[in-house]
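What follows is one structure encoded as structure tokens, with my remarks underneath.
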Amino acid sequence: MKLALKKILFISLVIFFLLTPQPILAIQLEFLSVPELMVRFEPPLKGIAEDVLHIYPSIKSNLEKTFGWEMPFKPTVFLIQDKEYFQRLTGNKLIVAFAAPAENLIVIDCSRLHIRPHRLDQILKHEMVHLILHHHIRSVHLPRWFDEGVAQWLSEGVAELLEVPQKSFFEEALLSGKYIPLRNLKYNFPTDKKNLMLAYEESRSFVVFISDRYGDDSIFEILEHLQKGNDIHTAFTASLNASPEEIEDRWIMQKRRQTTWFIFLASHIYEFLFLAGALLTVIGFIRFLIKKRNYKDEDDD
């Protein structure tokens, strides 16, 4: 609870400093505005700001169609060039973007966009998913793992992280039994690199598991139940006939089977290669004997 209160205070300070008029701001910001969006940016980022204004309508339309929910609010997107300033806002060097849904606010560190192999539109879409989810789901708590999992699922796996989460983290955690139970990711994610990336990977993997096993519609059905004021346990039970904990057990069981089978193949790769080579040798020898016999028959003729 103390950690949650500290985060609320931190976000409030972020919003205060970003929305405070010049010259109190530590950085200089300009702005572009249209009826459905405002973009505030450091002067060197005007081109990116114009790109945001250009791509926003299509992303908004796509998300409204996907969710079946409207986005009647006007977000503000802040584009930051000063990497050190952005890191002071987030307190984490791994984060390149974040959303503050209570203020319909998105903040993006543009100094490091080139490092990740994705485009600006994917990051913007990811953060807009957070905004639309929290706009429509207010009367109940939206678990952080589900919020983040859905955002990654709909933005082609893109997260707010500088680095792409590595599957090895999750595979290692599964084998060692040190994966993070979803109940521990209900309110916050860890801050250290390994566990933070593991939390993002788990969140996405769990939502993808639901999509693959129960269909995309099941995820939106869960969200509809949450929008109506049902808690996450009720929403899962009504949509999947199982509690979140039961679905989590099925997910972990499947991932462990897949990981164990993959490791078995990897650990016996040389044996498989040797066997394959031996089989090819035998097949080649048999073909040689057949050809030799055919040549002998032709000579006899």
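No hydrogens, no waters, no symmetry mates; every other heavy atom, side chains included, goes into these values.
A ring-centre distance under 6.0 Å is found for Trp251 and Phe170.
Atom CG of Asn184 sits in a crowded spot, with more than 12 heavy atoms from other residues, nucleotides or ligands closer than 6.0 Å. Annotation: Phe31, atom CZ; neighbour count of heavy atoms from other residues, nucleotides and ligands within 6.0 Å does not exceed 12. Heavy atoms of other residues, nucleotides or ligands lying less than 6.0 angstrom from CD of Glu156 number 12 at most.
Nearest heavy-atom pair, Trp145 versus Ser203, reported as atom, atom and distance to 0.1 Å: O-CB, 3.3 Å. Of all heavy-atom pairs spanning Glu202 and Ile180, the tightest one is OE1-O, 2.6 Å. Of all non-hydrogen atoms in Ser176 and Ala173, the two that sit nearest each other are OG-O, 3.3 Å. Looking at every heavy atom in both residues, Ser111 comes nearest to Lys83 through OG-CB, 3.4 Å. Closest approach of Pro43 and Gln28 over heavy atoms only: CD-O, 3.5 Å. Annotation for Val129 and Ala151: closest pair CG1-CA, 3.6 Å, computed over non-hydrogen atoms.
Using a cutoff of 4.0 Å between basic side-chain nitrogens and carboxylate oxygens, Lys60 and Glu64 are scored as salt-bridged. The pair Asp192-Lys194 fails the salt-bridge criterion, with no side-chain N (NZ, NE, NH1 or NH2) lying under 4.0 Å from an Asp/Glu carboxylate O.
Panel note: side chain Ser58, backbone Ile55; a donor-acceptor pair is recorded below 3.5 Å. A side-chain donor-acceptor contact under 3.5 Å links His136 to the backbone of Glu70. Distance alone, capped at 3.5 Å, places no donor-acceptor pair between the Gln152 side chain and the Gly149 backbone. Judged by distance alone, with hydrogens and angles left aside, the side-chain atoms of Gln81 form no donor-acceptor pair with the main-chain N or O of Leu45 at under 3.5 Å. In this structure a side-chain-to-backbone donor-acceptor pair under 3.5 Å is present from Arg112 to Ile95. Looking at Glu42, its side chain does come within 3.5 Å of a backbone N or O of Asp82 through a donor-acceptor pair. Remark: the backbone N or O of Val34 is paired with a side-chain donor or acceptor of Lys74 at under 3.5 angstrom. Side-chain atoms of Thr237 come within 3.5 Å of backbone N or O of His233 as a donor-acceptor pair. Between the side chain of Asp147 and the backbone N or O of Leu133, no donor-acceptor pair lies under 3.5 Å. Looking at Asn230, its side chain does come within 3.5 Å of a backbone N or O of His225 through a donor-acceptor pair.
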* With side-chain contact (heavy atoms from CB on, under 4.5 Å) as the test, would you mind laying out the steps for Leu196 and Phe169 before giving the verdict? => CA-CA 10 Å; Leu196 176 63; Phe169 285 144; over 6 Å; no
* Does the pair Val77 and Tyr56 meet the rule for a side-chain contact (heavy atoms from CB on, under 4.5 Å), with working shown? -> CA-CA 10 Å; Val77 177; Tyr56 176 81; 5.9 Å; no
* Apply the test side chain to side chain donor-acceptor pair (under 3.5 Å) to residues Glu148 and His126: give CA-CA distance (whole Å), side-chain angles for both, the deciding distance (0.1 Å), then the verdict. => CA-CA 9 Å; Glu148 187 55 50; His126 180 104; 3.0 Å; yes
* In sequence, state the C-alpha distance, the side-chain angles, and the governing distance for Ile219 and Tyr214, and then conclude on side-chain contact (heavy atoms from CB on, under 4.5 Å). => CA-CA 8 Å; Ile219 296 175; Tyr214 302 96; over 6 Å; no
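Using a 30° and 60° split on the angle between ring planes, His141 and Tyr187 fall in the tilted class, from 30° to 60°. Taking the six-membered ring where the residue is Trp, Phe220 and Trp153 present tilted rings, their angle falling between 30° and 60°.
A donor and an acceptor atom, one from each side chain of Asn104 and His135, are nowhere located under 3.5 Å apart.
With values rounded to the nearest 0.5 angstrom, Asn195 atom CG is found 14.0 Å from Tyr179 atom OH. Atoms CG and CG, on Leu37 and Leu124 in that order, are 7.5 Å from each other to the nearest 0.5 Å.
Taking the side chain as every heavy atom from C-beta outward, Cys110 and Phe41 never approach each other to under 4.5 Å. Between Ile123 and Ser155 there is no side-chain heavy-atom pair separated by less than 4.5 Å. Taking the side chain as every heavy atom from C-beta outward, Ile232 and Val140 never approach each other to under 4.5 Å. The shortest side-chain heavy-atom distance between Arg257 and Met253 falls under the 4.5 Å cut-off.
Remark: Arg144 is positioned above the aromatic ring of Phe189, its terminal NZ or CZ atom under 6.0 angstrom from the ring centre and at most 45 degrees off the axis.
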